[in-house]
Amino acid sequence: MENPYLPYPVRIDNIITETEDKNLKTFKFVFLNPEDEAKFDYHAGQFAELSIAGKGEIPIGIASSPTEKGFVMFTVNKVGLVSSHLHAMKEGDIMGIRGPLGNWFPWETLKGKNVVIIGGGFAFTTLRASIIHMLAHRDQFGDITVVYGARTPGMLLYREELAQWEKRDDIDMHITVDSTDDPDWKYNTGFVPTITEQKAPPGDENTYAIICGPPIMIKFTQPVLDKNGYHPENMIMSLENRMKCGIGMCGRCNVGRHFVCKDGPVFTLGQLNRMPKEY
Amino acid sequence: MKIININKADWNTGLKKTADGYRLIGPVMDQGFYLFKPLESGKVPDMGFTNTRLSAKGIIYPQSQTLFNYSLDPNREDHHLLTEPEDAHQLTVVIGIRPCDAAAFVQVKRNFDAPDYQDPYWLSAYENTVLVGLACDQPGSTCFCTTAGGGPYHEDALDVLLVDEDDQYLARVVSEKGAAFLAKAGWTETADNDLVMKTIATRKEAAENRISSTIKTNNLADAETMAIYDAPFWDDVAFACINCGTCTYLCPTCWCFDIQDETHGMSGQRMRSWDSCMFPLFTLHGSGHNPRGQKVQRVRQRFMHKLKYYVDKYEAGIQCVGCGRCVDQCPVNIDIRKVCELMNNAGKQSVTCAA
């Protein structure tokens with residue numbers, strides 16, 4: 001019997017400090033046993049448990065895309081015991097990854113559709129995975145629009161990649177910050193809901209929005225999309241809840257009868273409207 | 001079905017014979033209360049109990065258990081790698097488990113033996129355990145098993161059902177595992193005759209008639225989840241609750257758990273321990289946000305899980321066997337039978353509204 005609690009051993013291959021507050025770091029992991037990489041067969045939108053012996057595990061969205069080979073990547077906010085310890089670890093250190101876990105963005109449904117990615121703050125991780133995935137299969141999708149905001153320019157994740165995507169003509173980028181005193185800032189200034197209202201295409205049955213961000217951003221973006229004609233089943237969200245097992249057994253992350261870890265984390269707004277608000 | 005006649009004079013010697021193949025667990029009196037404990041050599045189960053204070057769930061699913069071992073010593077090649085403990089599950093027999101506690105394992109198994117993931121710790125223990133049940137002739141005043149999918153003589157979840165008949169046990173052999181255990185004990189005298197069958201049937205009926213307390217669950221499955229969730233009675237239900245977690249601790253069908261690493265010096269264990277939806281920490285986010293931060297949300301979660309979410313998820317009834325422990329031992333007298341009635345009635349209204 002496979003032990004679903006046993007992580008794959010990995011080595012930290014690379015660490016990048018992403019943001020000016022130094023609270024977000026991106027870790028690239030390489031599997032110690034090369035055959036484990038094939039077993040870790042994931043889709044953009046899934047998550048994994050990062051496991052540190054002696055500290056515990058944390059559920060983190062996978063920031064790399066399955067089209068990127070040779071490593072898996074996670075961007076981690078420093079919050080609690082495990083994430084703080086991880087931030088203090090070094091390249092070459094040994095730890096574990098357990099997964100992939102949960103469902104993913106509905107890539108089969110999204111084939112041939114226009115996709116609007118709306119992200120705020122450090123919730124951009126699985127959205128990065130999604131953008132890389134879509135760009136690698138660019139002919140499978142219609143228009144791709146991205147609205148991504150952070151408090152300041154220095155708080156944006158993956159800044160080099162954002163700049164590269166800005167230069168492409170097959171993805172419509174709208175980067176924004178709440179405010180900045182940088183006179184050379186050449187992108188938008190304003191909150192994500194406002195920029196979404198100005199830049200996102202109108203909703204129709206062929207257009208889907210994927211929205212990840214802090215609760216306050218989601219709260220004010222949702223009415224904008226409603227007004228813009230997006231159907232609740234075309235608005236896709238990814239939830240977070242406290243987790244332990246990640247496989248639907250330990251009982252804490254449920255929202256009604258659904259476990260965020262196994263039946264989610266991805267739900268449509270239509271589904272969420274029929275569920276208790278326990279997230 | 002085969003019935004074996006065990007003369008009580010042969011009971012202790014028979015049990016002793018099984019000791020070299022089985023680890024024996026049975027009910028014993030401990031500090032004024034009955035509980036299930038390993039029977040050290042020569043110790044015999046005390047079969048004179050109504051029900052144990054704690055359920056039997058800890059036999060399969062210990063309150064704390066090691067999932068993995070690890071070393072943090074950089075000089076060791078396997079440092080920071082998790083290794084599985086050896087599966088030391090000895091073939092175990094539980095003597096005198098009540099039919100309700102055995103039925104609970106069937107309900108809990110749906111969680112740990114899912115189509116996509118299987119919990120090797122729970123399943124290994126379950127598969128290596130023989131359940132020799134004891135029919136309930138004197139059910140407790142808070143027992144309601146007959147309307148919770150079971151009964152005092154319910155044998156589906158057992159390997160053997162013992163019926164206490166004067167100076168003998170009539171043992172109904174339910175499974176091969178049960179038959180093997182009885183053979184090991186040397187109990188082979190078959191008693192498959194009409195008179196014995198009639199004796200058991202009569203006793204069964206009498207026991208069922210002694211269950212005075214019932215619940216109604218007929219509307220739960222068809223009800224709108226949100227109609228019950230948003231019902232007005234939850235504040236009243238939760239008012240007196242002190243979130244002590246006694247109900248989840250005692251409950252044979254509560255399975256929620258926590259995982260924590262415990263390090264001593266350079267080595268340690270990743271442990272799994274029982275947890276409880278009654279505790280705020282159970283759902284507390286790293287950000288400080290808590291989706292079930294209020295007491296009423298936690299109390300509602302416990303009952304919604306048992307009587308609605310589980311019902312919808314598995315379509316196999318409620319997550320409760322009617323053992324009555326939580327009713328009996330709740331310090332503020334919250335009664336799942338009353339809550340079930342409220343929920344079932346709310347469900348009825350929601351079905352009526354939908355039509």
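Predicted model, so just to flag it, every value in this text is computed and none were measured. Residue numbers begin at 1 in each chain, while the letters A, B, ... track the order of the sequences.
Looking at A/L81, there are no atoms closer than 4.5 Å to chain B (heavy atoms on both sides), in backbone or side chain. Contact of A/Y279 with chain B is made through the backbone alone, with heavy-atom distances under 4.5 Å. Of the two parts of B/H289, only the side chain, counted from C-beta on, holds a non-hydrogen atom closer than 4.5 Å to a non-hydrogen atom of chain A. Residue B/Y229 touches chain A through its side chain alone, counting heavy-atom pairs closer than 4.5 Å. Looking at B/L123, only its side chain comes within 4.5 Å of chain A, counting heavy atoms on both sides. Neither the backbone nor the side chain of A/N77 has a heavy atom closer than 4.5 Å to any heavy atom of chain B. With a 4.5 angstrom heavy-atom cutoff, B/F68 touches chain A only via side-chain atoms. The part of A/M275 that comes within reach of chain B is its backbone (N, CA, C, O), which places non-hydrogen atoms under 4.5 angstrom from that chain. Proximity to chain A is limited to the side chain of B/R300, based on heavy atoms less than 4.5 angstrom apart. Contact annotation for B/Q118: both backbone and side-chain heavy atoms come within less than 4.5 Å of a heavy atom of chain A. The part of B/Y70 that comes within reach of chain A is its side chain, from C-beta onward, which places non-hydrogen atoms under 4.5 angstrom from that chain. Interface remark: B/Q301 contributes side-chain atoms only to the contact with chain A (heavy atom separation under 4.5 Å). In this structure, chain A has no heavy atom under 4.5 Å from any part of B/Q269. The contact between B/M226 and chain A is made entirely by side chain atoms (from C-beta outward), counting heavy-atom distances below 4.5 Å.
Note that the CZ atom of B/R270 and the NZ atom of A/K55 stand 12.0 Å from one another [nearest 0.5 Å]. In this structure, A/E278 CD and B/N290 CG are separated by 10.0 Å, a value rounded to the nearest 0.5 Å. Taken to the nearest 0.5 Å, the SG atom of A/C250 stands 6.5 Å off from the CD1 atom of B/I259. Going from atom CG of B/L67 over to atom SG of A/C245 covers 11.0 Å, rounded to the nearest 0.5 Å. Taking CG of B/L82 as the reference point, atom CD of A/E57 lies at 8.0 Å (rounded to 0.5 Å). A distance of 10.0 Å separates CE in B/M304 from CG in A/N254, rounded to the nearest 0.5 Å.
Put simply, of A/R257, A/M95, A/K277, the one with the most heavy-atom pairs under 4.5 Å next to chain B is A/R257. Of the listed residues (A/G56, A/G248, A/C253, A/G54), the one with the most heavy-atom contacts under 4.5 Å to chain B is A/G54. Of the listed residues (A/G251, A/P276, A/G96, A/P215), the greatest number of heavy-atom pairs within a distance under 4.5 Å of chain B belongs to A/P276. Chain B forms the most heavy-atom pairs under 4.5 Å with one residue out of A/K262, A/E240, A/R274, and that residue is A/K262. When each of B/D258, B/T263, B/T225 is scored by its heavy-atom pairs under 4.5 Å with chain A, the top score falls to B/D258. Heavy-atom pairs under 4.5 Å with chain A peak, among B/H305, B/Q297, B/H285, at B/H285.
What you find for B/L81 and A/P9 is that their closest heavy atoms are CD2-CB, 3.5 Å. For A/I94 against B/H80, the heavy-atom pair with the smallest separation is O-CB, 3.7 Å. Taking every heavy atom of both residues into account, B/D261 and A/A53 meet most closely at OD2-C, 3.7 Å.
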(message) Set out, in order, the CA-CA distance, both residues' side-chain angles and the distance that settles side-chain contact (heavy atoms from CB on, under 4.5 Å) for B/E84 and A/N3, then state yes or no.
(response) CA-CA 9 Å; B/E84 293 177 77; A/N3 187 333; 3.0 Å; yes
(request) Check step by step if side-chain contact (heavy atoms from CB on, under 4.5 Å) holds for B/D119 and A/M249. (result) CA-CA 9 Å; B/D119 185 297; A/M249 289 182 185; 3.8 Å; yes
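By the neighbour-count criterion of 12 heavy atoms within 6.0 Å, atom CD of A/E35 is densely surrounded, having more than that number from other residues, nucleotides or ligands. By the 6.0 Å contact criterion, OH on A/Y158 is enclosed, its count of non-hydrogen atoms from other residues, nucleotides or ligands being greater than 12. By the 6.0 Å contact criterion, CZ on A/F122 is open, its count of non-hydrogen atoms from other residues, nucleotides or ligands being 12 or less. Counted within 6.0 Å of CZ on B/R110, heavy atoms from surrounding residues, nucleotides or ligands total more than 12; the atom is thus considered enclosed. When the shell of 6.0 Å around CZ of B/F239 is examined, it contains 12 or fewer heavy atoms from other residues, nucleotides or ligands. Within 6.0 Å of atom NZ in A/K39, more than 12 heavy atoms from other residues, nucleotides or ligands are found, so the atom counts as buried in its surroundings.
In this structure, A/R242 contributes its side chain and B/L281 its backbone to a donor-acceptor pair below 3.5 Å.
Remark: the A/N241 side chain and the B/R292 side chain contain no N/O donor-acceptor pair separated by less than 3.5 Å.
You'll find the side chain of A/R252 stays beyond 4.5 Å of the side chain of B/F279, heavy atoms only.
Electrostatic pairing of B/D275 and A/K244 does not count as a salt bridge here, judged by no charged N lying under 4.0 Å from a carboxylate O.
Ring orientation note: the planes of A/Y5 and B/Y121 are tilted relative to one another, at an angle of 30° to 60°.
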